[in-house]
Novice: 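Pasting a structure here, questions to come.
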Amino acid sequence: MPYDSDKFAEAIIAQARATAKPAKKNWGNPAPLALAGLVMTLTPLSCQLMGWRGADSNGFANNGAHFFCGGLLLFLGGLLEFFLANTFGFVVYCAYGGFFLALGATLTPGFNAETPYLSPSGVLGDGFYNSFGFFYLFVGLLSFVFLICSIRTNLCLVILFLAYTIAFPLLAAAEWTHAQDQMALSHRLTVGGGAACFVVSMCSWWALVGGLLQSVDFPFTLPMGDLSRVVPGAKDFDVEKVQVQVQGETLGDKME
């Protein structure tokens, strides 16, 4: 019987494919990367907003961090969450990454965001503050949506999004009162917004340290306050509904 080398090779390949185990894919947790970008940006920014050590609250001194920490790392972490099929983390990180990129662009002269509002003497007009306040306001509304969704995650995230939901409307009000030349009230609102952002940064530090400790299999971890079992999900209600139906059918069979 003639020897067919091609068929023999095909048979070996087919057998190898049938018995081969799929390669295991090990993916890292991108959350600490995104949180690192957040804390490196928001912690100093919140201190500036509160005016610590005479810091200016305009954010220009921190603008590089807006792009390369808050913007880049948050956005990159969000994209990696997408590949892990984590929709909530993907949307949250990318949304806040986009916020910091937009803030950095607004503060960068090359983007000419302030140029149309400058007077001939170089003073920034009230129209800029009235307009930019709406950006803060609706980022706060988005944070409120995230707050509702976070109720089934953990207590750390709930506090984080609650603080963000408070911070952004305060910053929006600070912009609007600044446009009305109510400088004392605008300053107090800015300090209040900075304090709320400081709470966000502290929660982010807590989550960052907890995630890093877990990544190296540290002997202990930081508690996050798991709420997934406290607040039932839609699947839990479906299971209960099925159990009630099964119990009803069983009771009906017994009565028959």
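Start at 1 with the first residue, then count along the sequence.
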Novice: Tell me whether the count of non-hydrogen atoms from other residues, nucleotides or ligands lying under 6.0 Å of CG in N112 goes above 12.
Specialist: yes

Novice: Give a yes or no on whether M183 and W176 share a hydrophobic cluster (residues Ile, Leu, Val, Met, Phe, Trp, Tyr; joining criterion: side-chain heavy atoms under 4.5 Å apart).
Specialist: no

Novice: Determine whether more than 12 heavy atoms belonging to other residues, nucleotides or ligands lie under 6.0 Å from atom CZ of F99.
Specialist: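 Atom CZ in F99 is packed in, count exceeds 12.
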
Novice: Under 3.5 Å, side-chain donor or acceptor atoms of residues 124-137 against the rest of the protein: list the pairs with distances, not counting sequence neighbours.
Specialist:
unit_1, atom_1, unit_2, atom_2, d
N130, ND2, D126, O, 3.3
S131, OG, G127, O, 2.8

Novice: According to a hydrophobic-cluster definition based on side-chain heavy atoms being under 4.5 Å apart (Ile, Leu, Val, Met, Phe, Trp, Tyr only), do L84 and L79 belong together?
Specialist: no

Novice: Rounded to the nearest 0.5 Å, what's the gap from CZ on R152 to CZ on R229? Could you check?
Specialist: 11.5 Å

Novice: Evaluate whether atom CD of Q180 has more than 12 neighbouring non-hydrogen atoms of other residues, nucleotides or ligands under 6.0 angstrom away.
Specialist: yes

Novice: Check S150 against V158 and note the closest heavy-atom contact, atom names and distance.
Specialist: O-CG2, 3.5 Å

Novice: Looking at every non-hydrogen atom in both residues, tell me the closest pair between F90 and G78 and how far apart they are.
Specialist: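 Minimum heavy-atom separation between F90 and G78: CD1-O, 3.1 Å.
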
Novice: Enter the distance from L42:CG to L74:CG here, rounded to the nearest 0.5 Å.
Specialist: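 It comes to 9.5 Å.
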
Novice: Could you please spell out the steps behind the side chain to side chain contact (heavy atoms under 4.5 Å, CB included) verdict for L35 and Y93?
Specialist: CA-CA 9 Å; L35 291 171; Y93 292 145; 4.2 Å; yes

Novice: Counting only pairs under 3.5 Å, give me each side-chain donor-acceptor contact of residues 194-212, with atom names and distances, residues two or more places apart or in other chains.
Specialist:
unit_1, atom_1, unit_2, atom_2, d
S201, OG, F198, O, 2.6
S204, OG, V200, O, 2.9
W205, NE1, T43, OG1, 3.0
W206, NE1, P223, O, 2.9

Novice: So V92 and F88, do their side chains get closer than 4.5 Å, heavy atoms only?
Specialist: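 They are in side-chain contact.
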
Novice: Find the distance between CG (L107) and CG (N58) and round it off to the nearest 0.5 Å.
Specialist: 7.5 Å

Novice: Donor-acceptor check, side chain of S186 to backbone of A174, threshold 3.5 angstrom: yes or no?
Specialist: yes

Novice: If you define the side chain from C-beta out and look only at heavy atoms, does anything of L49 sit under 4.5 Å from V191?
Specialist: no

Novice: How many angstroms lie between atom CG of L160 and atom CG of L155, to the nearest 0.5 angstrom?
Specialist: 11.0 Å

Novice: Under the side chain to side chain contact (heavy atoms under 4.5 Å, CB included) rule, what do L73 and M40 come out as? Steps first, then yes or no, please.
Specialist: CA-CA 10 Å; L73 295 185; M40 285 192 291; 3.8 Å; yes

Novice: Passes side chain to side chain contact (heavy atoms under 4.5 Å, CB included), M224 versus C156? Steps please.
Specialist: CA-CA 6 Å; M224 296 295 155; C156 182; 4.2 Å; yes

Novice: Tell me whether F111 shares a hydrophobic cluster with F100, the cluster being built from Ile, Leu, Val, Met, Phe, Trp, Tyr side chains joined at under 4.5 Å.
Specialist: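 As far as the 4.5 Å side-chain criterion goes, F100 and F111 are not connected within one cluster.
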
Novice: Looking only at non-hydrogen atoms, find the nearest pair between S57 and T190 and report the distance.
Specialist: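 Nearest pair, atom of S57 first, then T190: CB-CG2, 3.9 Å.
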
Novice: Would a 4.5 Å heavy-atom cut-off, applied to side chains only, mark Y96 and Y164 as touching?
Specialist: yes

Novice: Is L162 reachable from L227 through a run of hydrophobic residues whose side-chain heavy atoms are each under 4.5 Å from the next?
Specialist: yes

Novice: Output, in order, the C-alpha distance, side-chain angles, deciding distance and verdict of side chain to side chain contact (heavy atoms under 4.5 Å, CB included) for N29 and E81.
Specialist: CA-CA 8 Å; N29 180 12; E81 290 283 4; 4.2 Å; yes

Novice: Side chains of residues 61-71: which donor-acceptor pairs under 3.5 Å do they make with residues two or more places apart or in other chains?
Specialist:
unit_1, atom_1, unit_2, atom_2, d
N62, ND2, T41, O, 3.1
N63, OD1, H66, ND1, 3.0
N63, ND2, G104, O, 3.4
N63, ND2, T108, OG1, 3.1

Novice: If you group Ile, Leu, Val, Met, Phe, Trp and Tyr by side-chain heavy-atom gaps below 4.5 Å, do L147 and V230 land in one group?
Specialist: yes

